[in-house]
Amino acid sequence: MDPEVDVPLLSNADLARIFHDIGDMLEVKGELVFKTVAYHRAADAIAHSPVELSAAYRAGERPKVAGVGQAISDKIDELARTGHLAFYDRLVAEVPPSLVELLRVPGVGPRTVRVLHEELGVESLEDLRQAAEAGRLRSVKGLSVKTEQSVLDGIAALETRETRMLLEAAETLVDTLIGELRETPGLISIVPAGSFRRRRETIGDLDLLAETTDAAALVERFTTLPAVDRVLGSGSHKAAVRLLRGPQVDLMIMPPGTAGTYLIHFTGSKDHNVHLRGIARDRGWSLSEKGFLRIGEDGEPLTDDAAELKTFPTEAEAYRFLDLEFIEPELREDRGEVEASASGTLPTLVRLADLRGDLHAHSDWSDGVHPIATMADAARARGHAYQVLTDHSQSLAIARGLTPDRVELQRGIIAELNARYASEEAAGLAPAGSSPDGFRLLHGCELEIRADGRLDYEDELLARFDLVVASLHVGRRQTRSQLTERVLTAIRSPHVDVIAHPAGRMIQGRDDLDLDWDVIYAEAARTGTVLEMNGSDHRLDLSDERARRALAAGCLLSLDSDAHRTEEYHNLAWAVSQARRAWVTPTDVLNTRSRAELLAWVGAKAERLTGA
DNA sequence: GCCGTTTTCGGCCCGACTGTTTTCAGTCG
């Protein structure tokens, strides 16, 4: 019997956590910085790998992952096969996890942790707090009374630290801050950068980048905004504050006309920037946010004379200086975009304007807020040619799922609405901004994949919908094979067109369903069943990694709002940005097609699978 | 620890701010 059978499969996230821990522990030990960086880099790459590494390693394969060499590869192998890593266990014995925790205190780095441990015997956050309160830190060379206060502030901030923001909250805050700074004298422009501009799933700090002729005035206004709780630092070119019950916000000021390299630098990601700087260096230039400087034989800039600095007003020009095509912010994670840019093979990313409709929204007939007509009118006002109404099916009682009788009633209401739209269009009375193809509300449902594995409506009823999205809300804790089989049942139904929020996750809430993902992708591709990228900012499901993997397997995707009220059609923006992070192009997306093409696609799919 | 159409060894991105310094190391982004 194979000894591996009883060892649970570690997810990529589990593996990444272990290698980040190793990096942290080596830092505290005072190991060579490049070695610790190597572990962190490898951990990030593992977290974003589209391949489930533990499964692959068990199958005797070692898929190439950037930043993973022989040593780390062997460690993954040991973890995949045994669930343990002797090297890790030895490190933990040497560097207690409570010591690594100290790195989270702002201003405390590996060097300080080591000194605190060796000289004061500090082993945990609580030890550190007591030492600081008792005034013992100042006895250590290099630390002072000021350090004691900043450590205590840091620990307090750690304890009240809000969780990372979701996109909608980040956008609201960015808009507010920019609005409050816009009238500052001398201000020419101010834009968000950082992870919000890259549209990461969650946002920690906010970054604002400003062009101004009066830096001092802007720093002054920024650091005295009403929402500011503490000023973390402020200089002539940058300032950082923490907002009251809010995140840290960094403001950077750039000389007018030089935004290109500044935007690149402060948009990141860090790995993307490091890659660009390597390319610049190979070509004899040092790249920083300020611009490019010539470097000499010794690798040092020939001059720090600002007049010699090569600057560019736009990002596109700065990229072009390195013979690179412009790289969209959502791609800047060093996941192959720099190479694709160099070879002219960047994808043409899908845009919000490419969407002709939305396949997933609710009304007050199930768990939505607004009436059917209100939802339809709002979708029409967005210029869409169709909106699929997908109220929940009968077994999802908590969401007031529709019985077959109510489905029939709803069908009649939708027909009346569409008759009104048709007559308005025929009379040339459609509102300005409506789709030139006209607008129709399509009748769909969000079909529950029940815990017993059966679908929630009979085939005869399912066949009468314009489009069906299926999803799984109950029985989430079943085994991987049970869950996978349930989703496969839906995928194989001729009447199911879309699998909605396939991973069933809530960001910062619940984990992904434990599915055999490669089997799901393969069967979705074979049957032509669409996998949704759900735009609700607490779902964003599929994730970018999964979507990229699904595309590679040949799947078609949809970008949907899952709106429960009219305002939530804005979720489509998040679905699109998540798709862009996954390198998705317009042809990869079902709802970039016209209404006629969509309906023809649904019909063809049912026919193909019924005949098969 | 990783990596190589300049290298299998010797590099590995860059600058601002802070605090404790008398010229710089640590931390951060």
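Letters A, B, ... are given to chains in the order of the sequence lines, protein chains preceding strands, and every chain is numbered from 1.
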Could you tell me how far [M] sits from [N] if I compare only their [atom1] atoms? Round to whole Å.
N      : M      : atom1 : answer
B:dT6  : B:dC2  : P     : 23 Å
B:dA25 : B:dT21 : P     : 13 Å
B:dG15 : B:dG10 : P     : 26 Å
B:dG26 : B:dT22 : P     : 13 Å
B:dC28 : B:dT23 : P     : 25 Å
B:dT8  : B:dC12 : C1'   : 15 Å
B:dG1  : B:dT5  : C1'   : 24 Å

Is NZ or CZ of [X] both nearer than 6.0 Å to the six-membered ring centre of [Y] and within 45° of the ring axis?
X        : Y        : result
A:Lys75  : A:Phe19  : no
A:Arg546 : A:Trp517 : yes
A:Arg294 : A:Trp285 : yes

Nucleotide nearest [X] when distance is taken to its side chain, options [options]:
X        : options                : value
A:Lys290 : B:dG26, B:dG29, B:dG15 : B:dG15
A:Ser288 : B:dT6, B:dT27, B:dG15  : B:dG15
A:Arg111 : B:dT27, B:dC2, B:dG29  : B:dT27
A:Lys75  : B:dG1, B:dT27, B:dG29  : B:dG1
A:Thr112 : B:dC2, B:dC12, B:dG26  : B:dG26

* **Residues which pass salt bridge (charged side-chain N to carboxylate O under 4.0 Å, His left out) with A:Glu289, listed by chain and number, not counting sequence neighbours** => none
* Considering heavy-atom distances to DNA chain B, does A:Ser234 or A:Leu287 have its closest nucleotide positioned more toward the 5' end? -> A:Leu287
* Asked: Between A:Pro110 and A:Glu289, who's closer to the 5' end of DNA chain B by nearest nucleotide?
  -> A:Glu289
Separation of [N] [atom2] from [X] [atom1] (nearest whole Å):
X        : N      : atom1 : atom2 : answer
A:Lys141 : B:dG26 : NZ    : P     : 11 Å
A:Arg104 : B:dC28 : CZ    : P     : 13 Å
A:Arg138 : B:dG19 : CZ    : P     : 16 Å
A:Asp207 : B:dG15 : CG    : P     : 19 Å
A:Leu276 : B:dC14 : CG    : P     : 12 Å
A:Leu208 : B:dG29 : CG    : C1'   : 15 Å
A:His40  : B:dG29 : NE2   : P     : 14 Å
A:His275 : B:dC12 : NE2   : P     : 16 Å

* Asked: If you look only at pairs with a residue in residues 63-73 of chain A, which of them pass as a side chain to side chain donor-acceptor pair (under 3.5 Å), with sequence neighbours excluded?
  ->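 Only A:Tyr57-A:Ser73, A:Arg62-A:Ser73, A:Gln70-A:Asp74 qualify under side chain to side chain donor-acceptor pair (under 3.5 Å).
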With a non-hydrogen cut-off below 4.0 angstrom, is [X] in contact with a base, only sugar-phosphate, or nothing?
X        : answer
A:Leu32  : base
A:Ser150 : nothing
A:Val115 : nothing
A:Val68  : sugar-phosphate
A:His237 : sugar-phosphate
A:Val37  : nothing

* **For DNA chain B, the residues among residues 250-271 of chain A that have a non-hydrogen atom under 4.0 Å from it** => A:Asp250, A:Lys270
More than 12 heavy atoms from other groups under 6.0 Å of [atom1] on [X]:
X        : atom1 : answer
A:His275 : NE2   : yes
A:Arg111 : CZ    : no
A:Arg505 : CZ    : yes

Phosphate oxygens OP1/OP2 of [N]: is one of them under 4.0 Å from a side-chain N or O of [X]?
X        : N      : result
A:Arg281 : B:dC14 : yes
A:Lys238 : B:dC28 : no
A:Ser286 : B:dC14 : yes

* Measure from the side-chain N and O atoms of A:Asp512 to the backbone N and O of A:Ala503, and report whether any donor-acceptor pair falls under 3.5 Å. => no
* Watson-Crick/G-U partner (both atom distances under 3.5 Å) of B:dT8 -> none
* **A:His272 versus A:Glu337, side-chain donor and acceptor atoms under 3.5 Å** => yes
